[in-house]
Amino acid sequence: MNMKGLLALILSSALTAPAFAAAPNANAPKGGNFVFNLGGEPPTVHPITATDAYSRYVQNYVCDGMATRDSETYDWKPRLAEKWEISKDNKVFTFHLRKDAVFHDGTPVTAEDVKFSFDAIFEPKYEAAHLRPYYEGLTKAEVLDAHTIRFTARDLYFNNFESAATLTVIPKKIYSDIEKSKKMNRQLICAGPYVLSKFDRGQVITLKKFDKWYGNKDAAYAGMYNFDTITMRFYKDENVELERAKKGELDYLDLRVEAFMKKTEGAPWGKTIIKHKVENSAPKSYGFIGWNFRKELFQDRNVRVALAHLLNREEMNKKFRYGMSDLANGAIYLRSEYNPGNKALEFNPKKAQELLAKAGWTDKDKNGVLEKEVNGKRSEFKFTLIYPSKDTEKYYTMYREDLKKAGIDMELKYLEWNSFLKLVDEGNFDAVTMAWGGGSVDPDPKQIWHSASSVAGGSNFIAYKNPEVDKLIDEARVEPNKAKRVAALKKVYAKIAEDAPYAFLFNDKYAFYANSSRMGMPAETFKYEIGRDYWWLKAQ
């Protein structure tokens, strides 16, 4: 289970299944093809340069690290490393690799490959700004012998061990030619349980069980990775996805609340497609509208807070989410122990008008649009919101109408995923909407919120910069005492919420998903994830 972030039966009833102790079925049948909708097509699946969640889904099947978290207990479990030692000062981590692990090209996994995988993150040509915040606490990786690798930390960054343990291990032989490897957007050579066998642009990704994967003969992995092949589709349109599922062409799909409540009634739902509403302890994602701080329009906090007050989330939750979401109050899952408990900004047009006037935006010429003198020139309050999913367009249509009443002209612009990501990576937008995954149970906000991450390829793509937040993040990262770290990071998240760099949207209370009735599963959910890696194909 990969918990790193950049980041789902009660048949057709709406009852909620509480999380309970689940265990793999060691006798699960093997074989068959598991088909699911990835949701979008990754621009690249390169293990270092890829930044989106879709590529991460593929990598989680194809690539491997040295250890992983247990889906039920969150304890560490061996993967490529059969054991490890941690020094008393928590600064030296020594991993002992399995001797039966090989890459998909058949070459053995060695400590040299692990060292290369670590060093590559800091190779400037790889532009891995999104990964570096997690690895900069480690000074070096040393090869002690062919199957022993030692990491040394420069500080007590709380995630040092996790970063080393979950490092994606790639073959030096394949990826050391950087320019050549950066062109491997549709190839992925790792040491995981599945091989990437086909990546047809616009069509499909197909994975095939790796017959030399070390776990195939290891009792520790009994009941896992039961399918012979996995097929991933790229349906972005929810209606298309639902129709495909009804035709029996998908074995799994994530559901939005609206689809769960309104679009999945009657046969075949409840018969050949089973839908679920479950609770578990996995951190939940949050959606947002992000303001580009490079644009002068969004540099005034009064403006950003006003824009948040004009977002009628209460009504959206009622109309589109059936009240089954929480209003996000900041950049951390509402129910996380790290959440500082800020009051979620309510829909308040009057307060928004006061803040806009305070920022100098008024409708002097009474043409219905706010204006202001900026650098000696009259400017109207106009901007464009880019978005990659038409399924959520109605949220922003509602927002646009409320903005219009307040004298703000927002243009909506839908973009196909790859074109959307290109503008985001370039910082070439006014406002952007998407979502961050739930990430780790113990979060590190540096990747998204530190000013050092506001670089090409970095995740702080809105260029939010606050020296006080930077300082608090830097201090919290090296605080070894968890209680003190939680207290410190609460201050970080409180300050970010006050700055309103995003208009935060929703936190899901539940995970919604559906599966074909031919799937077998140990439980509807494990404690920290749905647990699709433990599913199997029932006898037909």
Side-chain angles (χ1 to χ4, degrees), residues 3-7 51-53 129-130 133-134 158-159 281-293 298-299 301 303-309 311 313 316-317 325-346 385 392 395 424 427 429 431-455 458-477 479 485-509:
M3 297 297 291
K4 189 183 293 181
L6 196 93
L7 349 114
T51 60
D52 67 325
H130 60 296
Y134 298 101
F158 73 97
N159 257 340
S281 299
K284 302 298 185 292
S285 64
Y286 67 88
F288 62 87
I289 298 172
W291 315 115
N292 191 343
F293 279 61
F298 302 114
Q299 290 178 2
R301 177 181 174 276
V303 169
R304 300 192 302 271
V305 174
L307 290 169
H309 276 306
L311 186 65
R313 296 183 298 169
M316 292 174 181
N317 192 25
S325 295
D326 292 315
L327 306 187
N329 67 346
I332 182 75
Y333 175 43
L334 194 63
R335 301 182 190 189
S336 166
E337 63 181 317
Y338 292 85
N339 194 301
N342 308 62
K343 183 181 178 183
L345 292 179
E346 80 282 9
L385 174 68
T392 55
Y395 290 73
V424 171
F429 60 90
V432 59
T433 182
M434 51 181 164
W436 284 113
S440 173
V441 170
D442 293 310
D444 175 4
K446 184 167 184 176
Q447 179 192 349
I448 301 172
W449 297 110
H450 200 286
S451 58
S453 299
S454 177
V455 296
S459 298
N460 183 1
F461 43 76
I462 63 167
Y464 168 72
K465 296 178 181 178
N466 183 324
E468 184 181 355
V469 167
D470 287 352
K471 182 174 182 291
L472 287 169
I473 290 176
D474 291 339
E475 292 172 353
R477 280 164 53 94
E479 172 54 65
R485 188 169 67 251
V486 170
L489 287 180
K490 280 185 174 181
K491 293 180 183 176
V492 170
Y493 289 115
K495 186 63 185 170
I496 292 171
E498 289 170 11
D499 285 342
Y502 293 167
F504 297 99
L505 293 172
F506 305 98
N507 280 148
D508 288 333
K509 297 176 184 176

Point to revise | Heavy-atom neighbours of K509 NZ exceed 12 at 6.0 Å | key: yes

Just jot down the ring pair (Phe, Tyr, Trp, His ring centres under 6.0 Å) partners of [X], sequence neighbours excluded, or say none.
X: F293; result: Y464
X: Y395; result: F320
X: F506; result: none

Point to revise | Minimum heavy-atom distance N460-H450, with the two atoms named | key: ND2-O, 3.1 Å

Study note, to complete from the structure: Heavy atoms of L345 and R313 approach each other most closely as O-NH2, 2.9 Å

Exercise for review: Would you indicate whether the side-chain heavy atoms of L307 and V303 approach each other to under 4.5 Å?
Suggested key: yes

Point to revise | Side-chain touch L327/E346, heavy atoms, less than 4.5 angstrom | key: no

Point to revise | Pair R335 + D326: basic N to acidic O under 4.0 Å | key: yes

Check your understanding: Are any side-chain N or O atoms of N292 and backbone N or O atoms of F298, one a donor and one an acceptor, separated by less than 3.5 Å?
Key -> no

Check your understanding: Is there a donor-acceptor contact under 3.5 Å from the side chain of D499 to the main chain of P501?
Key -> no

Check your understanding: Going by atom types alone, do N159 and D442 pair a side-chain donor with an acceptor below 3.5 Å?
Key -> no

Check your understanding: Out of curiosity, L334 CG to Y286 OH, how far, rounded to the nearest 0.5 Å?
Key -> 12.5 Å

